[in-house]
Amino acid sequence: MRKKGQKLAAVMMSLAMTASMTACGGDDNAEAGKNTTNTPKPTQEANKPDDGSDLPEPTEVPEKYKDLGGLEIIIGDWWSGEEGEPTNAQEEATRQYRKEIQEKYNFTIKQTSIGGWGEHQENFVVSTMANAPMASLFMMDQGFIAKPLANNLFYDLATLDSFDFTESKWNEAVREQMTDGNHVYGMANGRPEWRQGVFWNKRLFEEAGLDPDLPYDLQASGEWTWAKFEELCQKLTRDTNSDGIPDTYALASFSIDMFKVLVASNNAEFIGRDENGKYYNATGTPEFLAAMQFGVKLIENKYEMPVPEDAEWDWFVPAFHDAKVAMTFAEEFKVGLWKDMDDDFGFVMCPAGPSGQSTTIFADNVVVMPVCMDAETANKIAFAYNLYTNPTPGYEDDDDWKTRVYDNFRDERAVDETLTMMYEEGRGVVWYLPMVYGADYGDIIYNVYGLHNTPAEKIEEVANSWQMLIEDANMK
């Protein structure tokens with residue numbers, strides 16, 4: 001690993017070469033992000049300006065925001081490149097709306113990569129501590145949150161007048177996760193991203209004598225349960241040439257994707273958060289243990305394809321793509337990996353455990369502001385970003401999201417039934433494990449998946465170390 005001083009030098013050189021990067025103030029300004037007296041103030045209701053144009057405008061815009069003086073706002077992530085051409089009418093309308101607000105209020109805003117995923121957290125921490133952040137706002141992976149939060153490096157967004165986090169445009173799951181009392185340390189706009197579910201190969205279902213749409217029908221009737229899932233696993237693990245070795249397995253999944261969604265679908269969790277906002281170890285419940293034991297049962301019964309010799313860590317991706325397995329627990333974004341599959345596939349939620357219901361886990365990227373930002377600049381950025389995240393005029397309808405994802409799937413039921421169900425109340429849960437720095441799903445899951453330890457053994461083994469990490473997280 002590079003030394004911190006070398007990294008800081010690289011960051012500072014990058015800052016000097018990039019004119020659009022935002023400088024912070026000194027130590028006094030850092031206190032602006034930790035104001036404990038202010039609470040969020042509601043944004044004024046949108047209204048049309050007097051000139052009759054279609055551009056929404058907040059009423060009673062303070063004079064200091066009417067001209068932001070050419071303020072350059074960078075939203076730093078690890079994936080964005082040059083903006084491509086719009087692919088549909090909504091994207092074109094969004095681009096036009098954002099162009100108009102930038103011209104009207106004299107600012108520019110751009111989301112761009114400031115480095116790779118592996119160095120993103122360090123880029124944020126080092127540049128913020130140097131009072132010279134590499135971006136005005138940072139997209140943060142769930143795994144990047146705990147450490148800088150514990151070190152008070154996130155600006156308290158609740159102190160910025162332009163944000164009203166009760167507005168429906170803000171992501172409720174992120175708001176819940178990033179709120180501590182009257183303080184809000186991160187945000188995301190729009191609906192939560194769909195996450196864990198089960199993909200299946202329709203041809204392999206037919207060859208096993210099953211209706212290719214059976215998981216959809218079971219999900220619709222409320223019969224999509226662990227017991228029914230296990231029945232399907234028995235039928236889908238097939239030795240077609242009678243040599244004693246399955247030619248097609250029921251399952252191949254990333255161990256974490258399988259176990260954590262089984263836990264969620266049995267009304268359990270790894271880390272809980274009590275009514276006082278304090279985290280606690282939630283792995284000791286009967287519901288948690290039952291979920292882990294059910295996952296082990298699937299492996300012991302040889303429904304899960306064994307890891308091939310000399311396989312890459314993501315061997316389960318080609319295993320499903322190439323029809324070696326009939327089902328896979330996976331996050332929805334993996335649909336992009338199946339686009340060129342020869343076989344059609346479907347997508348449903350995780351089957352319900354005996355103590356829960358079909359559930360997915362929300363784990364969106366979080367937008368944060370460096371704590372060192374001076375109050376005046378922070379308020380201007382907030383005003384601009386609040387406009388930037390408004391729904392595109394003409395596309396405020398709740399079902400507009402469907403038009404963007406139909407083409408990703410081989411059937412409409414994945415969107416109209418499964419993705420829609422994930423937005424029902426209680427179907428998507430917020431998980432707090434990423435908020436406890438040092439704790440990880442793999443602490444329990446990896447050895448259990450490999451059948452090296454029982455779930456009970458691993459739960460007991462990590463209890464003391466997790467308790468110390470939780471106590472540290474609760475002291476922030």
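Remember, predicted model here, so these are calculated numbers, not experimental data. Sequence positions, counted from 1, serve as the residue numbers for this chain.
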* To do: Answer with yes or no whether the side chains of N281 and Q467 bring together a donor and an acceptor at under 3.5 Å.
  => no
* Asked: Which residues pass the ring pair (Phe, Tyr, Trp, His ring centres under 6.0 Å) test with Y449, sequence neighbours left out?
  -> none
* **D416: partners by salt bridge (charged side-chain N to carboxylate O under 4.0 Å, His left out), with sequence neighbours left out** => K402
* Quick one: are Y385 and I75 in side-chain contact, heavy atoms under 4.5 Å? -> yes
* Structure fact -> Residues at least two apart in sequence or cross-chain that pass ring pair (Phe, Tyr, Trp, His ring centres under 6.0 Å) with F107, listed by chain then number, are none
* May I ask you to check whether over 12 heavy atoms, not counting those of E193, lie within 6.0 Å of atom CD? => yes
* Is there a side-chain contact between F316 and S253 (heavy atoms, below 4.5 Å)? -> no
* Could you go step by step and tell me if L469 and Y437 meet the side-chain contact (heavy atoms from CB on, under 4.5 Å) rule? -> CA-CA 7 Å; L469 296 172; Y437 181 67; 5.9 Å; no
* Structure fact -> Nearest heavy-atom approach of G295 to M258 is O-CE, 4.2 Å
* **salt bridge (charged side-chain N to carboxylate O under 4.0 Å, His left out) assessment of K334 paired with E331** => CA-CA 6 Å; K334 284 194 172 73; E331 297 195 6; over 6 Å; no
* To do: Would you please say whether a donor-acceptor pair under 3.5 Å links the side chains of D340 and H321?
  => yes
* Would you call F259 and I444 a side-chain contact if the rule is heavy atoms closer than 4.5 Å? -> no
* To do: For the pair E176 (side chain) and A173 (backbone), establish whether a donor and an acceptor sit closer than 3.5 Å, ignoring hydrogens and angles.
  => no
* **Centroid-centroid under 6.0 Å between Y441 and F270 rings** => yes
* Under the side-chain hydrogen bond (donor to acceptor under 3.5 Å, both in side chains) rule, collect the residues that match up with E417, sequence neighbours excluded. => R413
* Structure fact -> For residues 427-450, the salt bridge (Lys or Arg N to Asp or Glu O under 4.0 Å) pairs (sequence neighbours left out) are E424-R427
* Asked: Would you call Y423 and R191 a side-chain contact if the rule is heavy atoms closer than 4.5 Å?
  -> yes
* Asked: Any donor and acceptor pair, going by atom type alone, linking the side chain of T179 with main-chain N or O of V184 inside 3.5 Å?
  -> no
* D411 side chain vs A414 backbone, donor-acceptor pair below 3.5 Å -> yes
* Shortest non-hydrogen contact from A135 toward P370 -> O-CG, 3.9 Å
* Nearest non-hydrogen partners of N267 and E287, listed with the distance -> O-CB, 4.2 Å
* To the nearest 0.5 Å, how far apart are CG in D374 and NZ in K380? -> 9.0 Å
* Asked: What do you reckon, are the aromatic ring centroids of F320 and W338 less than 6.0 Å apart?
  -> yes
* Contact summary for A268 and W431, nearest pair of heavy atoms -> O-CZ2, 3.8 Å
* Asked: Under 3.5 Å, is there a donor-acceptor pair between the side chain of T328 and the main chain of A330?
  -> no
* side-chain contact (heavy atoms from CB on, under 4.5 Å) between F154 and M178: does it pass, once the steps are laid out? -> CA-CA 10 Å; F154 296 154; M178 299 302 295; 4.2 Å; yes
* Do H120 and M140 come within less than 4.5 Å of each other through their side chains, counting heavy atoms only? -> yes
* Establish, from distance only, whether the side-chain atoms of N189 and Y388 form a donor-acceptor pair under 3.5 Å. => no
* **Shortest non-hydrogen separation from T128 to L153 and the atoms involved** => CG2-O, 4.1 Å
* Do V366 and M187 touch side chain to side chain, with heavy atoms closer than 4.5 Å? -> no
* Would you find more than 12 non-hydrogen atoms of other residues, nucleotides or ligands less than 6.0 Å from D314 atom CG? -> yes
* To do: Show your reasoning for whether side-chain contact (heavy atoms from CB on, under 4.5 Å) applies to F163 and N386.
  => CA-CA 7 Å; F163 290 139; N386 189 57; 4.2 Å; yes
* Do F254 and W313 have ring centroids that are under 6.0 Å from one another? -> yes
* To do: Please answer whether the main-chain N or O of N474 pairs with a side-chain N or O of K278 as donor and acceptor at a distance below 3.5 Å.
  => yes
* Nearest 0.5 Å please: distance from the NZ atom of K147 over to the CG atom of N151. => 7.5 Å
* Asked: Is a side-chain donor-acceptor pair under 3.5 Å present for Q90 with T392?
  -> no
* To do: In sequence, state the C-alpha distance, the side-chain angles, and the governing distance for K169 and N390, and then conclude on side-chain contact (heavy atoms from CB on, under 4.5 Å).
  => CA-CA 7 Å; K169 72 173 183 177; N390 278 340; 2.9 Å; yes
* **Identified side chain to side chain contact (heavy atoms under 4.5 Å, CB included) counterpart of F144 within the set F138, F124, W117** => W117
* To do: Provide the full list of salt bridge (Lys or Arg N to Asp or Glu O under 4.0 Å) pairs with a residue in residues 84-98, sequence neighbours left out, each pair given once.
  => E83-R95
* For residues Y280 and W466, establish whether the separation of their ring centroids is below 6.0 Å. => no
* Taking it one step at a time, do N201 and K324 satisfy side chain to side chain donor-acceptor pair (under 3.5 Å)? -> CA-CA 10 Å; N201 183 310; K324 294 179 180 178; over 6 Å; no
* Asked: Should D77 and T112 count as side-chain neighbours, where that means a heavy-atom distance under 4.5 Å?
  -> no
* Is the backbone of A158 close enough, under 3.5 Å, to the side chain of D156 for a donor and an acceptor to pair up by distance? -> yes
* Okay, side chain of Q142, backbone of D364: is any donor-acceptor separation there less than 3.5 Å? -> yes
* Polar side-chain atom of R410 near backbone of K339 as donor-acceptor pair, under 3.5 Å -> yes
* Is D257 salt-bridged to R195, going by a charged N under 4.0 Å from an acidic O? -> no
* Are the side chain of D180 and the backbone of H183 linked by a donor-acceptor contact shorter than 3.5 Å? -> no
* Ion pair present between K458 and E461, side-chain N to carboxylate O less than 4.0 angstrom? -> yes
* Asked: Can any side-chain N or O of S358 pair as donor or acceptor with the backbone N or O of C350 at less than 3.5 Å?
  -> yes
* To do: Can you measure from CE (M292) to CG (N266) and round to the nearest 0.5 angstrom?
  => 12.0 Å
* Tell me, do Q102 and I109 make a side-chain contact under 4.5 Å, heavy atoms counted? -> yes
* Looking only at heavy atoms, which two atoms of P351 and V198 are closest? And how far apart? -> CD-CG2, 4.2 Å
* Does a sphere of radius 6.0 Å around CG in N464 hold more than 12 heavy atoms from other residues, nucleotides or ligands, not counting ones at 6.0 Å or beyond? -> no
* Step through it carefully: locate the ring centre of W200, locate the ring centre of F347, and say whether they are under 6.0 Å apart. => no
* **Evaluation steps, side chain to side chain donor-acceptor pair (under 3.5 Å), between E471 and Y279** => CA-CA 8 Å; E471 290 173 1; Y279 304 113; over 6 Å; no
* Flag if over 12 foreign heavy atoms under 6.0 Å of CG, D274 -> yes
